[in-house]
There are 4 protein chains.
Amino acid sequence: MSPHKAPDSSRRSDRSRRAIYDAALALVGEAGYARTTIEGIAARAGVGKQTIYRWWPSKAAVLMEAFIDLGTRAAEEAGGGGDYAIPDTGDLAADLKLVLRATVDELNDPVTEAPTRALAAEGIIDPALGAQFVEKLLDPQMQLYVTRLRSAQEAGELRDDIDPRIALELLIAPLTHRWLLRTLPLTHAYADAVVDHTLRGLGSGPMK
Amino acid sequence: MSPHKAPDSSRRSDRSRRAIYDAALALVGEAGYARTTIEGIAARAGVGKQTIYRWWPSKAAVLMEAFIDLGTRAAEEAGGGGDYAIPDTGDLAADLKLVLRATVDELNDPVTEAPTRALAAEGIIDPALGAQFVEKLLDPQMQLYVTRLRSAQEAGELRDDIDPRIALELLIAPLTHRWLLRTLPLTHAYADAVVDHTLRGLGSGPMK
Amino acid sequence: MSPHKAPDSSRRSDRSRRAIYDAALALVGEAGYARTTIEGIAARAGVGKQTIYRWWPSKAAVLMEAFIDLGTRAAEEAGGGGDYAIPDTGDLAADLKLVLRATVDELNDPVTEAPTRALAAEGIIDPALGAQFVEKLLDPQMQLYVTRLRSAQEAGELRDDIDPRIALELLIAPLTHRWLLRTLPLTHAYADAVVDHTLRGLGSGPMK
Amino acid sequence: MSPHKAPDSSRRSDRSRRAIYDAALALVGEAGYARTTIEGIAARAGVGKQTIYRWWPSKAAVLMEAFIDLGTRAAEEAGGGGDYAIPDTGDLAADLKLVLRATVDELNDPVTEAPTRALAAEGIIDPALGAQFVEKLLDPQMQLYVTRLRSAQEAGELRDDIDPRIALELLIAPLTHRWLLRTLPLTHAYADAVVDHTLRGLGSGPMK
DNA sequence: ACATAATCGAGACGGTACGTCAGGTCTTTTT
DNA sequence: AAAAAGACCTGACGTACCGTCTCGATTATGT
């Protein structure tokens with residue numbers, strides 16, 4: 001049925017795959033996503049164009065994989081197989097501030113900024129890519145929050161009548177909002193303010 | 001200062017400008033931003049390519065202006081000079097729910113979705129364009145919120161120790177977050193939940 | 001040495017080359033040289049523009065090659081490997097009239113006129129192209145004359161103290177002069193007159 | 001009937017006409033004919049494009065007029081209204097050599113070469129322009145030859161049975177041939193050789 | 001160990017769009 | 001009324017990449 005023979009991935013050249021990842025990330029960092037071309041990646045990686053077209057459907061897909069691979073390798077280097085989790089010291093506000101500050105630092109990291117923005121932008125337009133972006137890069141992080149928030153609910157630190165996934169959005173969304181729209185600088189102070197205000201509530205009067 | 005001598009805008013053809021706006025919006029709606037080309041816009045508008053290059057620096061800039069113009073014209077038609085403002089019934093929660101629901105509807109409007117996403121995506125990558133996007137399209141809306149929130153502070157509905165601009169972000173960011181990332185459906189119920197949780201606070205215990 | 005890396009001519013598509021020749025000659029014949037464009041040739045040949053730019057430096061170069069190829073193919077078809085030569089009947093005047101009349105017919109041929117004029121004109125302005133024009137299209141013909149004239153010198157039909165190349169110019173130049181400048185019609189009678197006058201001399205008295 | 005209003009030439013600006021001539025000649029000299037544009041001429045002359053389009057049908061026509069004007073002005077400066085004529089010393093060969101050498105020098109003059117070649121080339125392709133070229137620039141010169149040759153016939157220096165116009169072509173064509181085709185250098189020696197050989201004849205035997 | 005088949009590097013190919021240049025027409029303002 | 005200025009539509013320029021395709025020249029098993 002399919003006109004395309006599926007390539008045999010067991011024969012795939014690892015050298016080429018790696019070289020393509022490196023070239024893609026380097027070019028996006030140097031020239032920006034728009035000025036990065038498949039032809040350029042191939043040339044830089046010392047690879048035939050077809051080798052890229054054989055394994056990826058689009059420039060965005062290449063960059064996505066390269067970026068995920070980057071994260072995976074970084075994780076392997078740092079923690080030798082360790083899991084990440086949000087600390088649970090019993091003080092929810094303090095724990096959240098810690099991770100949100102880390103998120104702020106990550107978003108402000110000039111090295112990862114270009115590819116992250118490129119992928120986010122592409123994902124906004126292309127739903128399939130966006131889903132992949134969320135699934136591969138965002139969800140794992142999100143899950144950590146959900147876990148911590150659920151434990152907070154059990155400890156009575158967090159209202160029972162709230163879906164942890166919504167709570168999580170209320171905390172994270174303001175940060176991504178500032179980062180994406182560049183309305184105001186994204187600082188640790190802002191992260192702290194978000195945690196405080198969100199937990200405490202904006203309303204002044206007593207609300208049940 | 002500029003290497004290019006600025007064209008004389010007093011001689012500019014209004015017919016062409018309008019036709020370019022229309023063509024740009026139509027094409028983005030029909031084929032998507034990526035498949036919309038300057039050449040295509042020119043052809044559809046019955047205009048020379050140079051007329052586009054003379055007045056705009058990029059495809060995104062054309063679309064941006066077209067979109068702003070669309071909003072302006074729509075506003076002129078609807079309210080004959082009327083100002084928009086968030087209602088102030090004395091019930092802050094209800095008022096906010098009203099406008100956030102309207103925002104939800106606007107974001108879900110299939111007509112404006114394609115160009116809005118395109119501009120947002122482009123703005124994420126290009127800071128200059130992003131600034132324009134924020135300034136021309138977002139800020140006016142934002143200002144309405146700030147006004148209403150400040151009045152709420154005066155009325156004792158809102159804590160005094162909070163910057164209205166931050167409050168505004170806590171309310172709006174979750175909506176744009178869902179819209180951009182398509183994590184979960186963007187509904188009126190969600191808008192209501194955001195208002196309730198944000199005003200009331202996530203924390204269960206008493207906080208100073 | 002060259003800033004452009006030379007393409008690999010062993011991978012060159014013969015189908016495209018032929019199609020380009022045909023399209024170029026057809027368009028020059030139909031619309032004239034000035035109205036013939038590279039874009040038009042590519043479209044007519046069903047070929048990408050880049051395929052032309054890859055192998056030729058200019059429109060004139062394309063036409064030149066197409067024209068040379070035309071001659072080559074015509075020659076191959078006609079005489080299956082035969083050499084052309086000016087006949088040597090012993091009567092120099094008669095032999096020259098024969099070939100000059102043939103030249104007249106060739107110049108008057110409406111099929112080849114447009115491209116020939118175009119190439120001549122281009123060669124007048126561009127020395128490199130002119131050299132190619134002379135070398136590829138004129139010199140072979142000229143050489144035939146030189147051979148015949150030298151044999152005439154040996155046979156005592158032609159003065160010894162004259163360079164055959166100059167003699168050749170005296171015979172041919174008047175024809176090309178009329179053809180290029182269109183001063184007066186180019187006829188067999190004129191060819192005959194040129195031969196007679198040139199051989200006999202214009203002077204009436206005896207000259208040393 | 002005519003859709004174009006004929007412009008009123010009595011109101012024509014002489015300043016502009018002159019400036020256009022100067023600009024055209026300068027640009028052709030500096031950049032070559034192909035790289036000279038109407039827009040460029042207008043800009044250099046400080047003139048609106050329409051002023052050129054109003055009075056000339058083509059770039060070639062502008063250059064032609066400019067060139068003719070150049071010749072006219074040069075002539076007026078040099079000989080204050082004097083006629084040019086080929087000297088008639090009684091020695092036809094010597095007289096012809098004199099003028100042919102002058103022609104050689106003129107053709108070799110680097111200042112006039114670019115425009116002359118440009119006009120010649122254009123005239124080869126465009127019959128109307130070619131006719132003008134011949135009529136305005138060549139014929140006057142030619143007429144001088146015809147006069148001198150006719151006088152030579154009367155003096156018995158030149159055969160009676162030859163049309164002076166043909167004789168003229170036999171003398172001049174070899175020079176233009178070399179100049180146009182750049183086959184061999186165009187020298188005084190060549191001019192002399194042409195005169196000698198043409199008058200004396202190429203044939204070695206006695207011909208009636 | 002070797003045949004054999006897929007992958008690889010390279011890059012020519014038919015295309016599309018780019019951003020620029022100039023052509024020739026038209027309109028506005030100045031002289 | 002002609003001229004300077006220059007915006008406009010048109011169309012070609014030469015370039016950059018697209019995604020497909022064909023080439024040898026390596027691999028990398030599976031007999």
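Being a predicted model, the structure only gives us computed values, none of them experimental. Lettering of chains follows the sequences in order, A, B, ..., and the numbering in each one begins at 1. We use all heavy atoms of the structure for the numbers below, so side chains are in, but hydrogens, waters and symmetry mates are not.
Atom pair B:L27:CG and E:dA17:C1' shows a separation of 14 Å (rounding to whole Å applied). Put simply, CZ on D:R15 is 14 Å from C1' on E:dT30, counting in whole angstrom units. Between D:Y33 atom OH and E:dA22 atom C1' there is a gap of 14 Å when expressed in whole angstrom units. The CD1-C1' distance, from D:I52 to E:dA22, rounds to 13 Å in whole Å. For the pair C:E39 CD and F:dG14 P, the interatomic distance rounds to 10 Å; values are reported in whole Å. Protein atom CZ of A:R11 is 6 Å distant from nucleotide atom C1' of E:dA5, rounded to whole Å. The interatomic distance linking C:Y53 (OH) with E:dG14 (C1') rounds to 16 Å, in whole Å. Distance A:D8 CG to F:dG30 C1': 13 Å, rounded to the nearest Å.
With a 6.0 Å cutoff to the six-membered ring centre and a 45° limit on the axis angle, C:R12 counts as a cation-pi contact of C:W55.
Distance from the side chain of C:I38 is smallest to F:dC13 among E:dG23, F:dG19, F:dC13.
Nucleic acid contact class of B:G40 (heavy atoms, under 4.0 Å, all strands): none. Among the heavy atoms of the strands lying under 4.0 Å from A:R54 is at least one base atom, whether or not backbone atoms are also near. Residue contacts shown for B:S10 are absent, as no nucleic acid heavy atom lies under 4.0 Å away.
Across the interface with DNA chain F, nearest-nucleotide mapping of D:K49 and D:S13 shows D:S13 to be the residue nearer the 5′ end.
The side chain of A:S16 contributes an N or O atom lying less than 4.0 Å from OP1 or OP2 of E:dG9. Proximity of A:W55 to the phosphate of E:dC8: a side-chain N or O atom is located under 4.0 Å from OP1 or OP2. Taking only side-chain nitrogens and oxygens, C:T51 comes nearer than 4.0 Å to OP1 or OP2 of E:dG14.
Look at A:R18 and A:D22 and you find no salt bridge, because none of the NZ, NE, NH1 or NH2 atoms lies under 4.0 Å from a carboxylate O. Salt bridge annotation for D:K59-D:D126: absent, with no cationic side-chain nitrogen under 4.0 angstrom from a carboxylate oxygen.
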*Can you check side-chain contact (heavy atoms from CB on, under 4.5 Å) on D:K49 and D:I52, steps first, answer last?*
CA-CA 5 Å; D:K49 271 201 288 181; D:I52 297 183; 5.9 Å; no
_Set out, in order, the CA-CA distance, both residues' side-chain angles and the distance that settles side-chain contact (heavy atoms from CB on, under 4.5 Å) for B:L63 and B:L25, then state yes or no._
CA-CA 7 Å; B:L63 187 58; B:L25 291 170; 3.9 Å; yes
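A donor N or O paired with an acceptor N or O is not found under 3.5 Å between the base of F:dC9 and the side-chain atoms of B:Q50.
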